[in-house]
Enquirer: 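Take a look at the following structure, please.
Each chain gets a letter, A, B and so on, in the order its sequence line appears, and its residues count up from 1. Just so we're clear, the structure is a prediction, and the values are computed from it rather than from any experiment.
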Number of protein chains: 2
Amino acid sequence: MNRSNTGANLPALRNHNAALVLDLLRAAGEAGISRLELAERTGLTPQAVSKITARLRDEGTATEAGRRASTGGKPRTVLKLVPSAAHAIGLHLDRDELTAVLVDLAGTLVGARTVPLDLGAEPSCVVEAAAAEAEALTGGRRVLGVGVAMPGPLDHDSGVLHRVTGFPHWNGFPLRDALAERLGRKVFLDKDTNAAALGLALRAGTRAGSFAYLHLGTGLGAGLVLGGALHRGARTGAGEFGHQTILLGGPACGCGGRGCIEALCLASVARGDIAAAARFLGVGAANLVGLLDIDEILLGGRTVTADQDTFVRGVAAVVEERARRGGAPEVPVRPAAGGPHAVAEGAAQLVLVPVFGRANVAYPQA
Amino acid sequence: MNRSNTGANLPALRNHNAALVLDLLRAAGEAGISRLELAERTGLTPQAVSKITARLRDEGTATEAGRRASTGGKPRTVLKLVPSAAHAIGLHLDRDELTAVLVDLAGTLVGARTVPLDLGAEPSCVVEAAAAEAEALTGGRRVLGVGVAMPGPLDHDSGVLHRVTGFPHWNGFPLRDALAERLGRKVFLDKDTNAAALGLALRAGTRAGSFAYLHLGTGLGAGLVLGGALHRGARTGAGEFGHQTILLGGPACGCGGRGCIEALCLASVARGDIAAAARFLGVGAANLVGLLDIDEILLGGRTVTADQDTFVRGVAAVVEERARRGGAPEVPVRPAAGGPHAVAEGAAQLVLVPVFGRANVAYPQA
DNA sequence: TCCACTTAAGCAACGCTGTTGCCAAAGTGC
DNA sequence: GCACTTTGGCAACAGCGTTGCTTAAGTGGA
């Protein structure tokens, strides 16, 4: 059951178990999964799984697709997710560009649009532009909601923006509610790094329970996935990785501090010393691995992509050195998969998270 | 519902809701709480709460205790937890000392024993000594289980010790199972810093959803409580705070690295410059606040206790300075409450956590 | 070809959960 | 003293997963 402070009743129980089954169906992908295997993995009885999958088939969310080889008795029937049963829209509002994607239940990209955007414009104009892109992608399909990713800071719970860097007029704007009213759909808002991390968490192959996505572009930030769920912190402020001090009394940073990783990394990049930048990044990654005991480090962002191998090797070297000293486990460092729509696709996953039961860690109210 | 990957059935539902109600009863303490208030807080219907509390009263876990003033109708009946309905034992196995405590359901200390201990002795002898202390405290009471806190590293999930610093013969010893078999009781194992953090999380007054407990004694470590639950990481390795690099190329640390907070802090303490030690600790705390967006920093450990005000002020100054730069929220820094048995009491809470539904964040299997 | 055996999955009855509708209990205040 | 408000239990109920059993659909040996 998902962590929460609220009581659960029978409908909640039913949703929980259905979401669990859907998550396994999604993870099984094209290979499918049998009822008995679902029963084994969920801990439910086979009969319960039969009932749940029957409901899902009635809804059109799941379907039977062939059968496995017999092992001496009746062969198992293979069940699969029907990805086209529902869709989600993801919007990435960047400083100068708006990317909108439509994904199906499996997270597969169905459609994408990219248009120029001026975040400096009136919020109402931006809302209108975003809504127009979302509607253009819908096309009569069953759309569960819209996920929006933006540069922070913002508050996920209330859906309100804070002092977006360089765009003070956004301060306090209730973007989520404004867009939800305009579109008549559920809207979810999160930071771009969080959306990217969520997208990575749900990519086939990245089944790590917890990892950090480090994004080095014009700035340096992180998205944290802990125990399979996005860690946002109480105010959606988590992931402030770039202004971690790693060199006391070091060079001044734009934030007013000294010796921040971001300043050190970007200065190294500016003078062309990518290996040094990678080592700085690695120090922060090693600190993070020790503090949180995560399974994996994923690197992304324009600056990383430009010299991917150097960054991956440099960060891995520092992390491994620390593991050898016994201060941290051996943690793989890999480049983050994902094309030009990675953030928008992650934003779409904000909508799909509750469907598949991978609820976010809930925070008790003060 | 608690986050998990397993299916839920009616008994699980019932336990979840009962635990939720018990948690609210515990939080209400001597003041008590009415049925309607419980209904409001849990989201359950008043009738469901009536049924649940009736079961708890039958069990002897809750009781009616007076009534509130009327607001124009029938006055509300106040319900309270019956702390003596069950107990938990907490063991703190330190390098040279074994502390055992008995606490009731409310977490109140009922009994305590402290004896010398040699962690260098045979594991079987230590198990025997620990079991004897636990049994001496039981005294015919209903004891739900035994929580054990030790210096790490160790694995909470399997209950197996790793290379305990300075005591290599413990490597791989299945302490949890050995003690469970010897005592015939459920046993839970965790790091001392985690137990301390858990104890703080459940102390009245510390209702922060997430905080970091920084422990500065002979070493420097941290216990992290995120979203009301202990964050252990996949291998119970989280909280390695002391060997975070904050001064690249700085003085050598015992771990083999350079510029670790622990080395810097302890060196400052050694030469009597407590204010400098506090500032170093503050840099790490500020890094952590930014990364995890927590609500509070709690400081403890012998070294901190010796100069509490200096440490609290010094750390708070650095954290506040960072908040002013906009890089992190304003986070209070406070001394950790708790007497000589704080760790053992936290260990006992390991047993009580599932009773009150504040389950730990579950990690998906690989 | 038949038949015993194995394995998968549905049917029906069941126990138990929280919910709903209603009513009794226990106050306040004109 | 009576109308009103508020609390909380009783009884009937819908719906969840579970249990016991039956049917479906294969394998493999005689």
Side-chain angles (χ1 to χ4, degrees), chain A residues 1-2 4 6-22 24-25 32-59 62-80 357, chain B residues 1-2 4 6-22 24-25 32-59 62-80 357:
Chain A
M1 299 195 261
N2 297 315
S4 76
T6 58
N9 51 21
L10 289 174
L13 184 76
R14 170 190 171 136
N15 280 340
H16 170 77
N17 287 338
L20 224 54
V21 168
L22 276 175
L24 289 171
L25 284 170
I33 185 169
S34 71
R35 288 177 179 78
L36 282 166
E37 210 175 335
L38 287 169
E40 210 174 308
R41 301 261 228 127
T42 56
L44 293 168
T45 59
Q47 184 59 23
V49 171
S50 272
K51 285 188 180 178
I52 292 165
T53 54
R55 286 197 299 260
L56 295 177
R57 284 189 297 153
D58 282 350
E59 282 175 24
T63 187
E64 295 192 346
R67 36 186 59 181
R68 292 233 198 287
S70 166
T71 59
K74 177 174 175 176
R76 300 185 173 186
T77 311
V78 172
L79 297 168
K80 279 191 200 172
Chain B
M1 299 195 260
N2 298 313
S4 77
T6 58
N9 50 21
L10 288 175
L13 183 77
R14 170 190 170 134
N15 280 341
H16 170 79
N17 287 338
L20 223 56
V21 169
L22 276 175
L24 289 171
L25 284 170
I33 184 169
S34 71
R35 288 178 180 79
L36 282 166
E37 209 174 335
L38 287 169
E40 208 174 310
R41 301 263 226 126
T42 57
L44 294 169
T45 59
Q47 184 58 21
V49 171
S50 273
K51 285 188 180 179
I52 292 165
T53 54
R55 287 198 298 262
L56 295 177
R57 284 188 298 151
D58 282 349
E59 282 175 22
T63 188
E64 296 192 343
R67 37 186 58 180
R68 292 229 201 289
S70 165
T71 60
K74 179 175 175 176
R76 302 185 172 187
T77 311
V78 172
L79 297 168
K80 279 190 198 174

Enquirer: Would you give the length of the straight line joining atom CG of A/Leu22 to atom OG1 of A/Thr53, rounded to the nearest 0.5 angstrom?
Expert: 10.5 Å
Enquirer: If the cut-off is 4.0 Å, is B/Arg67 near the phosphate of C/dA26, judged by side-chain N/O to OP1 or OP2?
Expert: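 No, because none of the side-chain N or O atoms of B/Arg67 sits under 4.0 Å from OP1 or OP2 of C/dA26.
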Enquirer: Are side-chain heavy atoms of A/Ile52 and A/Leu44 found at a separation under 4.5 Å?
Expert: yes
Enquirer: Atom CG in A/Leu38, atom CD1 in A/Ile33: separation rounded to 0.5 Å?
Expert: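 Interatomic distance, A/Leu38 CG to A/Ile33 CD1, rounded to 0.5 Å: 4.0 Å.
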Enquirer: In whole Å, I'd like the distance from the CG atom of B/Asn9 to the C1' atom of C/dG18.
Expert: 15 Å
Enquirer: How many Å lie between CG on B/Asn15 and P on D/dG17, as a whole number?
Expert: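 That distance rounds to 17 Å.
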Enquirer: Polar atoms only, N or O, under 3.5 Å: list the protein pairs with nucleotides 1-4 of chain D and their distances.
Expert:
none

Enquirer: I need the full list of salt bridge (charged side-chain N to carboxylate O under 4.0 Å, His left out) pairs touching residues 36-46 of chain B, with sequence neighbours left out, sorted by first then second residue.
Expert: B/Glu37-B/Arg68
Enquirer: Just N and O in the side chain of A/Asn17: are any of them under 4.0 Å from OP1 or OP2 of D/dC16?
Expert: no
Enquirer: Rounding to a whole Å, what distance do you find between A/Leu13:CG and C/dT19:C1'?
Expert: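 A/Leu13 atom CG is separated from C/dT19 atom C1' by 15 Å.
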Enquirer: I need the CD1-C1' distance between B/Ile52 and C/dG18, as an integer number of Å.
Expert: 8 Å
Enquirer: Nearest to the side chain of B/Thr45 - D/dT18, D/dA14, C/dT19?
Expert: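 Comparing D/dT18, D/dA14, C/dT19 against the side chain of B/Thr45, the answer is C/dT19.
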Enquirer: Rounded to the nearest 0.5 Å, how far apart are CG of A/Leu13 and CG of B/Leu10?
Expert: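 Separation between the atoms: 6.0 Å.
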Enquirer: With a 4.0 Å cut-off on heavy atoms, is A/Arg68 in touch with a base, just the backbone sugar-phosphate, or nothing at all?
Expert: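 Touches nothing.
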Enquirer: D/dG17, C/dT28, C/dT19: which one has an atom nearest the side-chain heavy atoms of B/Ser70?
Expert: C/dT28
Enquirer: Nearest 0.5 Å, what's the CG-CG distance between A/Leu20 and A/Asn15?
Expert: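 Reported to 0.5 Å precision, the distance equals 12.0 Å.
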Enquirer: Please round to the nearest 0.5 Å and tell me the distance separating atom CG of B/Leu56 and atom CG of B/Leu79.
Expert: 9.0 Å
Enquirer: If the cut-off is 4.0 Å, is B/Arg14 near the phosphate of C/dG15, judged by side-chain N/O to OP1 or OP2?
Expert: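 No, because none of the side-chain N or O atoms of B/Arg14 sits under 4.0 Å from OP1 or OP2 of C/dG15.
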Enquirer: What one-letter contact string describes nucleotides 8-14 of chain C from 5' to 3', where B marks a base within less than 4.0 Å of any protein heavy atom, S marks contact via sugar-phosphate atoms alone, and - marks no contact?
Expert: BSBBBB-
Enquirer: From CG of B/Leu10 over to C1' of D/dG15, roughly how many Å is that when rounded to an integer?
Expert: 9 Å
Enquirer: Can you check the B/Leu38 CG to D/dG9 P distance for me, whole Å?
Expert: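 Rounded to whole Å, this separation is 12 Å.
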Enquirer: Would you give the length of the straight line joining atom OG1 of A/Thr77 to atom CZ of A/Arg35, rounded to the nearest 0.5 angstrom?
Expert: 5.0 Å
Enquirer: Looking at B/Val78 and B/Gly32, what are the two nearest heavy atoms and their distance?
Expert: CG1-CA, 3.6 Å
Enquirer: Quickly work out the B/Arg55 CZ to C/dC16 P distance and round it to whole Å.
Expert: 11 Å
